[in-house]
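Order of listing sets the numbers, starting from 1, for every ligand and every atom in it. Residue numbers run from 1 in the order of the sequence given.
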Amino acid sequence: MIPFNKPPLTGNEEQYVLESMRSAKISGDGEFTKRCHKWFEEKLLCKKALLTTSCTHALEMAAILIDIKEGDEVIMPSYTFVSTANAFVLRGAKIVFVDIRQDTLNIDETKIEQAITQKTKAIVPVHYAGVACEMDTIMDIASRHNLFVVEDAAQGMMSTYKGKALGTIGHFGTYSFHETKNYTSAGEGGLLIINDEKFVQRAEIIREKGTNRSLFFRGMVDKYSWVDIGSSYLPNDMSAAYLWGGLERADEINDDRLGSWQKYHDRLQELEKEGLIELPTIPDGCVQNAHMFYLKVKDLDERTALLYKFKKEHIWAVFHYVPLHSAPAGLKYGRFDGIDEFTTKESERLVRLPMYYGLSNDEIDAVCDVINFFYGR
Ligand SMILES: *Cc1c(COP(=O)(O)O)cnc(C)c1O
């Protein structure tokens, strides 16, 4: 059996979780949370990094911080996870879906401008598979129309766009440490990146249930009170302790994944040359993190047949997002702007192969054998 994913376990996680439990500061913003914050701020080069209970919650915080209100419109791709949309729908926004690019499956930056109306408040690019969206174009559109940019970088830890870490280019960035992502927290976890200093204080308040508790602890106010809306977005320190085990070995995890990605690519490129499948595109200026290795087959029927073969071999290859605009809640809370040229078509062709830290050469061979055999090679 080859699973689709395994959370990374590099060796020190157990010890750190125990240390955290014994520290008597387990509810949040303990030692390990502080270490993680420092690591992110130095490594990603951002003004402020705040651990959250999930990427879903980091997106919700961003929606509150940019004051999304009833009737506002938010532009994003339809080919994404539900939380990208839900965070803004919860504040009353209407979602405006824009088609994706055929090559990276990221939002098509050339179709954003025509989707902008008087009501548009933000653009939410999703860096699919940890491969960056065309951020220069997106930031230019945003600044000309006075819009916020919230980067959903859930899959993008260690990836860069023209040398900048994903999530540090827009006004906000969000990351996920769910067990399916490259770096994981115990339980679930996420991160909010704040790139404009003026949002930092309010973010700390929202994260702590709408109180000014962090200012109080720093001695900047003499009592702590309810000052804004907020929720319980602060993760427990044991979650951060597990994450710290992975961050300490971040390069090793990244190199290992990139090695597996390259092996898949090498073993499958013959089929691509013959025009039977398509492999991922990494545009110039983008450094990726091997979050995912996917291939695209001819159509839905061919994918169903290939996934059936994998299942028979006990290999967990899977498809991905069902486009949000076609889902029940998507019909209710959103609309698709322009034509769906690639969103549905490409999503139906996509197959994700097993990918995790520690994936062995034998496993990669076994996966590629199924594909080669399927195409009669
Ligand atoms: C995983 C993921 C999320 C949600 O992350 P959680 O930490 O599980 O809340 C959001 N957006 C994208 C693109 C994701 O891949």
Q) Are any of the N or O atoms of Ser176 closer than 3.5 Å to those of ligand 1? A) yes
Q.
Polar contacts were defined as any N/O atom of the residue lying under 3.5 Å from an N/O atom of the ligand; does this apply to Phe177 and ligand 1?
A. no
Q. Has Phe319 got more than 12 heavy atoms of other residues, nucleotides or ligands less than 6.0 Å from its CZ?
A. no
Q.
Classify the ring geometry of Tyr79 against His320: parallel below 30°, tilted from 30° to 60°, perpendicular beyond 60°.
A. perpendicular
Q) Just going by heavy-atom distances, which of His178, Lys181, Met76 is nearest to atom 2 (C) of ligand 1? A) Lys181
Q. Which of the atoms in ligand 1, numbered in the order shown and given with their element, are less than 4.0 Å from a heavy-atom of Val126?
A. 13 (C)
Q) Does Gln155, backbone or side chain, put an N or O under 3.5 Å from an N or O of ligand 1? A) yes
Q. Is any side-chain heavy atom of Phe177 closer than 4.5 Å to a side-chain heavy atom of Met157?
A. yes
**Q.** Arg35 NZ/CZ over Phe32 ring centroid, <6.0 Å and within 45° of normal
**A.** yes
Q. Is the closest N or O pair between Asp152 and ligand 1 shorter than 3.5 Å?
A. yes
Q) What atoms of ligand 1 come closer than 4.0 angstrom to any heavy atom of Phe81? A) 3 (C), 4 (C), 10 (C), 11 (N), 12 (C)
Q) Parallel, tilted or perpendicular: which fits the ring planes of Tyr321 and Phe81, with parallel below 30° and perpendicular above 60°? A) tilted
Q. Out of Gly130, Ala154, Ala153, who gets a non-hydrogen atom closest to atom 14 (C) of ligand 1?
A. Ala154
Q. Any idea how Trp261 and Phe293 line up, ring-wise: parallel (<30°), tilted (30 to 60°), or perpendicular (>60°)?
A. perpendicular
